[in-house]
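Quick notes on the structure that follows.
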Amino acid sequence: MADNLEIEEFEQAGSGASTTFPMQCSAIKKNGFAVLKGRPCKVVETSTSKTGKHGHAKVHMVGIDIFNGKKYEEICPSTHNMDVPVIKRSEYSLMDITDDNYVSLLLHDGSERNDLQLPTSEIGVNLRKAFDDGKDIVVAIIGAMDEEQIISFKESNK
């Protein structure tokens, strides 16, 4: 009976951690983070309307997408929950920039990472220039909701 048991093999198993967590709308303040229209945003403005004759107080939230800079707005009853993205910020040493604008980063454990693309914004242009000038550079990466992007860089002080 025990001889015919099949062994299942899994290629990859995630940690199961969620990319967001719930928070009451009225608790999300300016300079906090919230998911607006399905995108991770930094909240730049909040205002609360008074309770109406038949309803709840409403929170009007305006946020800027942390990856593409677009402005999003949402109105939510103050007692309801909204998703808040789990934001991860990390810094790595820049090893190389390829011809197709992918960066090679040295991770803290000594391994290499090659899956991030150079931003097309002014940061990317300045980063490429600093790298071409032969400077040792540390890049800052922000990650949320399974997206990551280089947001800044500085010269390494070795």
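Values below: all heavy atoms of this structure, side chains included; hydrogens, waters and symmetry mates excluded. Residues: numbered from 1 along the sequence shown. Worth saying up front: this structure is predicted, and the values here are computed from it rather than measured.
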With a 4.5 Å heavy-atom cut-off, do K154 and I137 have their side chains touching? no

side-chain hydrogen bond (donor to acceptor under 3.5 Å, both in side chains) against E147, all qualifying residues, sequence neighbours excluded: R39

Check: V35 and M145 side chains under 4.5 Å, non-hydrogen atoms: yes

Passes side chain to side chain contact (heavy atoms under 4.5 Å, CB included), Q149 versus L116? Steps please. CA-CA 7 Å; Q149 183 174 314; L116 268 179; 5.8 Å; no

CD1 (I97) and CD (Q117) are apart, to the nearest 0.5 Å, by 11.5 Å

Between P77 and H56, which heavy-atom pair has the shortest distance, and what is it? CB-CB, 4.1 Å

With a 4.5 Å cut-off on side-chain heavy atoms, are F153 and N126 touching? yes

Between V103 and F131, does a side chain to side chain contact (heavy atoms under 4.5 Å, CB included) hold up when you go through it step by step? CA-CA 11 Å; V103 294; F131 181 75; over 6 Å; no

How long is the span from the CG atom in L106 to the CE atom in M95, to the nearest 0.5 Å? 5.5 Å

Minimum side-chain heavy-atom gap P40-F67 below 4.5 Å: yes

Kindly work out whether a path of hydrophobic side-chain contacts (I/L/V/M/F/W/Y, heavy atoms less than 4.5 Å apart) joins I64 to V62. yes

Would you tell me whether H60 and E73 have side-chain atoms, one donor and one acceptor, within less than 3.5 Å of each other? yes

Would you name the heavy atoms of I28 and T46 that are closest together and state the gap between them? O-CG2, 3.9 Å

I want to check something: taking the side chain as every heavy atom from C-beta on, are R128 and N101 in contact at a cut-off of under 4.5 Å? yes

Write down the atom of P22, the atom of N81, and the distance for their closest heavy-atom approach. CB-ND2, 4.1 Å

Would you mind listing every disulfide (SG to SG under 2.5 Å) that reaches into residues 44-117, with sequence neighbours excluded? C25-C76

Student check: side-chain heavy atoms of L105 and L94 closer than 4.5 Å: yes

Any disulfide (SG to SG under 2.5 Å) pairs touching residues 108-153, not counting sequence neighbours? none

For residues S156 and V138, report the shortest heavy-atom separation together with the two atoms involved. CB-CG2, 3.9 Å

Value for OG1 (T20) from CE (M82), rounded to nearest 0.5 Å, stands at 11.5 Å

Decide yes or no for V125 and L118: does some side-chain heavy atom of the first lie under 4.5 Å from some side-chain heavy atom of the second? no

Hphob cluster co-occupancy, L107 + V139, side-chain heavy atoms under 4.5 angstrom: yes

So which atom in F21 and which in V86 form the shortest heavy-atom distance, rounded to 0.1 Å? CD2-CG2, 3.9 Å

Among the clusters formed by ILVMFWY side chains lying less than 4.5 Å apart, do L127 and I141 turn up in the same one? yes

Can you confirm whether more than 12 heavy atoms, excluding those of D109, are under 6.0 Å from its CG atom? yes

State, with a plain yes or no, whether a side-chain heavy atom of E74 is found less than 4.5 Å away from one of V59. no

Residues which pass side-chain hydrogen bond (donor to acceptor under 3.5 Å, both in side chains) with T51, listed by chain and number, not counting sequence neighbours: none

For E148, all residues meeting side-chain hydrogen bond (donor to acceptor under 3.5 Å, both in side chains), sequence neighbours excluded: R113

List for me each residue that meets side-chain hydrogen bond (donor to acceptor under 3.5 Å, both in side chains) alongside E45, sequence neighbours excluded, and say none if there are none. none

Between CZ on residue F33 and NZ on residue K42, distance to nearest 0.5 Å: 5.0 Å

Using every non-hydrogen atom in the two residues, find where C41 and I66 come nearest and quote the distance to one decimal. C-CG2, 4.2 Å

Donor-acceptor check, side chain of H108 to backbone of E91, threshold 3.5 angstrom: yes or no? yes

